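Single-structure report; data block below.
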Amino acid sequence: MNYQDLANLVFPDVKDINYYEEKYAKRNLEDGAIVTRFAPSPTGFVHIGGLYQALVARKVAKQTNGVFFLRIEDTDQKREIENGVTGIVKSLQDFDMAPDEGQINDTEEIGSYGPYKQSLRKEIYQAYAKYLLAQGKAYLCFCTPEDLEQMRLKQETAKVRTGYYGVWATCRKLSVEEMAEKVKKGEAFIVRFKSPGREDRKIKHHDVIKGNVDFPENDQDIVIIKADGLPTYHFAHVVDDHLMRTTHVIRSDEWLSSVPLHLQLFQELGFKAPKYAHIAPIMKNDNGNKRKLSKRKDPEAAVEYYKQEGIPSDAVKEYLLNIASSSFENWRRQNPELPIEDFDLQLNKMSVSGALFDMIKLLDVSKSIISRYTAERVYEEAFKWANKYDEELKEILTDKEYALKVFGIERGNKKPRKDIAKWSDVKENIIYMYDKNIPEYPYQVINEKEDIKTILEAYKFNPSDDKQTWFDNIKKLAENLGYASEVKEFKANPGMYKAHVGDVSTVLRVALTGRTNTPDMYEIMQVLGKEKVEKRFKEAISKLN
RNA sequence: GGCCCCGUGGUCAAGAGGUUAAGACAUCGCCCUUUCACGGCGGAGACAUGGGUUCGAUUCCCGUCGGGGUCACCA
C-alpha cells in the first residue's frame with residue numbers, strides 16, 4: 001500500500017488531471033491582457049465593497065482587452081441563501097457590469113472555462129486532491145470537530161499558536177496502511193494539505209497594490225476537501241484560478257494573510273501563481289472607530305440601497321473610482337463628457353488603506369452627473385424609478401410633455417442646476433410645479449397682510465414678455481409701491497425704504513410656489529402659464545383674508 | 001495575544017531628503033445687478049509621537065501610540 005493506492009481507494013472514479021489541463025487550455029489573448037474575476041458567495045445581497053472589487057477587476061480586464069468573469073463560490077451550502085446567484089447577477093447588470101464569462105442566471109452560464117459555479121466542480125477538485133494525495137503531498141485526517149476544538153483549547157492554555165501543524169498534526173503521522181484501514185472501516189475523514197513550510201522562515205511577496213510584504217511561511221496543514229466532499233476556499237481558489245487562467249486575483253485585503261498558503265498550494269500543485277492585488281475595504285466611522293461597512297448595521301452597505309434611493313449607478317461607479325484612484329477626479333474635470341471606460345486605472349496606484357465611505361461626496365458626484373443629463377434623460381430615469389418606488393411621483397410624471405418643460409428649467413446651459421442628487425429628490429424638487437398641495441409658507445421680510453395683498457393684486461404677469469421686460473416690470477411694481485427697485489440702492493440708503501425688489505420677488509415666489517428657494521422664477525412662470533400663475537396668486541390673496 | 005498591513009486638514013487624497021505641503025468634498029466670508037442652486041474669488045484647517053541617521057526629516061531607520069486585517073471542515 002502506497003499513497004497512489006490510497007488515492008485510488010479514496011477517489012476511485014475521478015479523472016486524471018491531464019484531462020482538465022487540456023480541456024481548459026491557456027487562453028489565447030494578446031500580450032498583457034489581464035484575466036480577472038469576481039468571485040462572491042451567494043450568502044446575501046451584494047456588498048458595496050464587492051461591487052468595488054468587481055468594478056476594479058472589470059476595469060483592468062477591459063482596458064487590456066482581457067477577460068472578466070463571474071464565479072460563484074458556493075462551497076458552503078449551509079450559508080447559501082435562496083436566489084443568491086440571481087441577486088448577484090442582477091446587481092452586476094444594474095451597474096452595467098455584466099461579466100464576459102460565468103453565471104448569467106441561476107442555472108445558465110456562458111464561457112468555456114466552466115462550470116463557473118463551484119458546487120458543480122466537485123469532481124475537478126477531487127481530481128486535484130487525488131493528485132496531491134498520490135504524491136504524498138496531502139493526507140487523510142480523521143480528527144473530529146470535537147478533537148480539533150479540544151486541541152485548540154490546549155494550545156490556547158499552553159499559549160502556543162493554534163492550528164493543525166507540527167506536533168499537533170496528529171493524522172499527518174499516520175501510515176498509509178493506517179489511513180487505508182480507517183477508510184475501509186468507514187471512518188469519516190477529510191483531506192489535508194501536507195504543508196512543506198516552516199514558520200521560522202520568511203517569504204517575500206509582491207502584491208500589486210500593497211507592494212512588498214514579508215510573511216512567515218505557512219506551516220498549517222489546512223483542510224482542502226471537507227467532509228461533504230467539497231473543497232475549502234483555499235483549495236478551490238487555487239484550482240479554479242489556475243484552470244480558468246486568471247492572471248490577476250483582485251480581492252478584498254482580508255485575504256492578504258492567506259497569500260503564503262495560496263502560494264504554497266500553487267507551488268505544490270505545480271501551477272504558476274497569478275498576481276495578487278488586495279484591495280483595501282471601504283470603511284465607516286462608528287463612534288470614532290473605523291470598521292468595515294457592515295451588512296447588518298449599514299443600509300448603504302447593500303448595493304440595492306442605491307437603487308432604492310435612486311442614486312444613478314454611474315454616480316456610484318464614479319464615486320468608487322474616486323476612491324480607487326486619486327487621479328480620476330482630475331481626469332473627470334478635464335473630460336466631463338467621456339465615459340468612464342476611457343479612464344485608465346492603475347492598480348499599483350490604489351490606496352493601501354481603507355477609505356471611509358463618504359455619502360456627501362457620493363451625492364456631490366451624483367449631482368454633477370445628473371446636472372449633465374438632458375431633460376429627456378432625467379425624465380426617463382426619474383419615471384423608471386418612480387414606477388418602482390413612488391406611486392405619487394409616477395402619477396405626476398405621466399404628463400411627459402409638461403414634465404419635460406419642468407425638468408428643462410435651467411438645464412442644458414453652461415451652468416446647469418445641481419439640485420437633484422438622486423431620483424428620490426425629484427418629487428420634492430418639482431412638486432410645486434403641479435397643482436398639488438402648495439404649502440403655506442411664511443412670508444419673509446414683507447409680512448404684513450396688507451402689503452402682501454397690495455403686491456399680489458398689483459402684479460400682472462404677461463407671458464409674452466422676455467426676461468428683461470418681465471423683471472423690469474417687477475422693479476417698476478416695487479418702485480410704485482415705495483420699495484427700492486435696486487438692492488444696492490436699498491443697501492446704500494438704509495432706512496429710506498421698507499424693503500427692496502428682492503423682497504417683493506420673495507412675496508411673489510412664496511405665493512406662487514410655497515417656498516423661498518426655487519429655480520429662476522421667470523422660467524417657472526413660463527412653464528406654469530398665465531392661467532395657473534393668476535390662479536395661484538388669487539388663491540394666495542384669498543388665504544390672506 | 002502571535003503574525004501582517006497602515007498612520008498628511010473633518011473626509012478622500014497628491015507629494016519630495018531642502019516645497020509658501022497640491023487638489024476635491026464639507027465648512028466660513030465676499031461676488032455673481034430677485035431667492036436657492038451653479039459658478040468665481042478668498043479664509044480657516046494636516047504631515048500621530050519619541051529617538052536616531054543627516055548640514056537639514058513630515059519623507060529614511062528603530063521604538064511607542066493609534067487604526068485595520070488575520071489566526072475554521074466560512075468565504
Side-chain angles (χ1 to χ4, degrees), chain A residues 39-41 43 73-76 78-79 118 141 143-145 148-149 152 156 159-164 188-192 199 207 210-211 213-216 220 222-228 230-234 236-237 251-260 278 280-281 283 285 288-292 319 322-323 325-330 332-333 349 351-358 360-365 367-368 371 410 413-420 429 444 471 474-475 478 486-489 500-506 508-510 513 515-522:
Chain A
S41 304
T43 53
E73 310 227 319
D74 59 344
T75 54
D76 185 357
K78 294 182 293 284
R79 295 204 310 155
Q118 290 181 330
C141 172
C143 295
T144 63
L148 263 18
E149 173 64 17
R152 216 199 73 231
E156 275 172 6
K159 297 210 162 128
V160 297
R161 271 189 308 133
T162 55
Y164 211 83
F189 64 88
I190 55 171
V191 184
R192 282 186 188 273
E199 207 251 352
D207 185 273
K210 302 273 177 184
V213 193
D214 293 350
F215 289 103
Q220 297 276 347
I222 57 108
V223 177
I224 56 176
I225 300 288
K226 301 185 283 188
D228 60 5
L230 284 167
T232 54
Y233 170 86
H234 304 108
H237 154 231
R251 56 170 25 169
S252 157
D253 73 0
E254 70 198 58
W255 292 109
L256 187 61
S257 55
S258 312
V259 165
H278 288 93
M283 318 282 282
N285 190 317
N289 285 111
K290 261 187 174 184
R291 45 154 253 251
K292 273 206 268 187
Y319 172 67
N322 251 314
I323 292 182
S325 169
S326 56
S327 56
F328 176 76
E329 243 177 337
N330 278 328
R332 175 46 88 209
R333 206 167 314 127
K349 295 255 180 77
S351 174
V352 289
S353 52
L356 250 28
F357 183 82
D358 187 348
I360 307 231
K361 177 91 179 184
L362 199 207
L363 259 19
D364 182 72
V365 170
K367 271 187 204 166
S368 298
S371 78
E410 289 188 69
N413 47 14
K414 274 186 231 85
K415 295 185 200 171
R417 282 194 81 73
K418 284 193 182 176
D419 47 8
I420 300 174
N429 270 283
Q444 306 290 302
F471 189 49
I474 294 177
K475 280 188 188 176
E486 301 286 347
V487 178
K488 274 182 183 161
E489 193 186 336
H500 58 74
V501 63
D503 300 318
V504 174
S505 293
T506 299
L508 297 177
R509 175 174 281 112
V510 170
T513 66
R515 56 175 66 198
T516 53
N517 309 335
T518 70
D520 186 79
M521 193 158 57
Y522 173 72

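Small disclaimer: the values here were computed from a predicted structure and weren't measured. Proteins get letters first, then strands, A, B, ... in listed order; numbering begins at 1 in each.
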Problem set entry | Interatomic distance at P, rG66(B) relative to rC73(B), whole Å | 32 Å
Problem set entry | rG23(B) to rG63(B) separation - C1' atoms, rounded to the nearest Å | 35 Å
For this session: Find which nucleotide of RNA chain B each of Arg333(A) and Glu486(A) is nearest to by heavy atoms, and output the residue with the more 5' nucleotide.
Result: Arg333(A)
For this session: Find the partner of rC3(B): check Watson-Crick (N1-N3 plus N6-O4 or O6-N4) and G-U wobble (N1-O2, O6-N3) distances, both under 3.5 Å, and reply none if neither fits.
Result: rG69(B)
Problem set entry | Phosphate OP1/OP2 of rC74(B): any Thr43(A) side-chain N/O under 4.0 Å | no
Problem set entry | Complementary nucleotide of rU34(B), counting Watson-Crick and G-U pairs under 3.5 Å | none
Exercise. Taking only side-chain nitrogens and oxygens of Lys418(A), does any of them come within less than 4.0 Å of OP1 or OP2 of rG39(B)?
Worked result: yes
Exercise. Does the side chain of Lys488(A) get closer than 4.0 angstrom to OP1 or OP2 of rC32(B) through an N or O atom?
Worked result: yes
Problem set entry | Carboxylate-amine/guanidinium contact Glu329(A) Arg333(A), below 4.0 Å | no
Exercise. Once the angle between the rings of Tyr319(A) and Phe357(A) is folded into 0 to 90°, is it parallel (under 30°), tilted (30 to 60°) or perpendicular (over 60°)?
Worked result: perpendicular
Exercise. Hey, is the side chain of Ser257(A) poking within less than 4.0 Å of OP1 or OP2 on rC71(B), counting only N and O atoms?
Worked result: no
Exercise. If we call it a pair only when both distances are under 3.5 Å in a Watson-Crick or G-U wobble match, what pairs with rA22(B)?
Worked result: none
Exercise. Checking Glu410(A) side chain against Asp520(A) main chain: does a donor-acceptor pair fall under 3.5 Å?
Worked result: yes
Exercise. So does Ser351(A) get a side-chain nitrogen or oxygen closer than 4.0 Å to the phosphate oxygens (OP1/OP2) of rA13(B)?
Worked result: yes
Exercise. Taking OP1 and OP2 of rA75(B), is either one under 4.0 Å from a side-chain nitrogen or oxygen of Lys226(A)?
Worked result: yes
For this session: Ignoring hydrogens and angles, answer whether the base of rC36(B) and the side-chain atoms of Arg417(A) contain a donor-acceptor pair closer than 3.5 Å.
Result: yes
